[in-house]
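All ligand and atom numbering here is 1-based and tracks the order in the structure.
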Amino acid sequence: MRRIRKAVFPVAGLGTRFLPATKAIPKEMLTVVDRPVIQHVVDEARAAGIEHLIFVTGRNKGAIEDHFDQGYELERTLAERGKLRELEELRRDSPKAGETSFTRQQAPLGLGHAVWCAREIVGDEPFAVLLPDMLHHGREPCLKGMIDAFEAQPSNIIAVSEVPMSETHQYGILGVGPPGRRGLMPVNSMVEKPPQGTAPSNLMVSGRYILEPGVFSILETQPRGAGGEIQLTDAMITLARARPFNAFRFEGRIFDTGTKLGFLAANLAYALERPDLGPALRDELRAILSPAGQKR
Ligand code: UTP
């Protein structure tokens, strides 16, 4: 059986829902507490045993490459000033030489196109895709659970999370059969943003995928779909006609940090669980929410 060694991070999107913050700063570099969003997602991939990180970038995304580079001058200054804890943390977060690849999506033609741009670096092996906007907050890292399930039952796997039925029209939704080994559910249908009342379930596609390399040849010739973009969902629908596809239910909370509300909620959730920040932040929130705080 082939191991999942490589993960693709499509980071070429324009982030228009988060303007003006994203005019000059990639949305993936906005911080949830004190770590860029992309670092949280890379942490998840590394916790799942991923060895090679592939970033599909675009214009104005240079800060992401700098973030995952070694900050030689910074590290030397920290060492000289005796800031050894900070130095240790930076070194722990930095991927080692040769563990990252960066490729450019020259035009934002859609998520499917961004994934296709990684084909030469991925090669002929199954791989993971993580959408960096979508933070998966739970006891077990989402991708780790998916890879464990893949090892028990190799197939294409899409992570899903439950949403209220009234919100299904905003998301990609999967229709599934009863759960089998490791809780994997066979996928019967995939629909992008189903009109109200037509969704096959309330299971939202949450932005984590394990895909077989056959998806690349499908994307190669796939016409543009919804929004004039080359859609990953369309390629997966084609792949699912020939290959097994399963859904993996993530038992945690999803924060869409590509939206302002999701980003704010993620900051609160991640900060509140931190021993160094949580108690003081709780006090701040109480003060802000008190009638006196609201009048200020
Ligand atoms: P989004 O739908 O969040 O699009 O893409 P976006 O452009 O980043 O953000 P908005 O909608 O304008 O606010 C989902 C994921 O696919 C990547 C994005 O970077 C994000 O991680 N993506 C999307 C690409 O890499 N290239 C594309 O052409 C489109």
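Within a 6.0 Å sphere centred on CD of Gln170, other residues, nucleotides and ligands contribute more than 12 heavy atoms.
Residues Val163 and Thr168 are in side-chain contact: their nearest non-hydrogen atoms beyond the backbone lie under 4.5 Å apart.
Ser206 and His136 are linked by a side-chain donor-acceptor pair at a separation below 3.5 angstrom, with hydrogens and angles left out of the test.
Annotation: side chain to side chain donor-acceptor pair (under 3.5 Å) contacts involving residues 76-87, sequence neighbours excluded, comprise Arg85-Glu89.
Residues of the protein with a heavy atom under 4.0 Å from ligand 1 are Pro10, Val11, Ala12, Gly13, Leu14, Gly15, Thr16, Arg17, Lys27, Glu28, Gln105, Pro108, Leu109, Gly110, Leu111, Ala114, Pro132, Asp133, listed by chain and number.
Ring geometry, His40 versus Tyr270: the interplanar angle exceeds 60°, so the pair is classed perpendicular (tilted spans 30 to 60°).
Lys61 places a side-chain N or O within 3.5 Å of a backbone atom of Gly13 that can act as its donor or acceptor partner.
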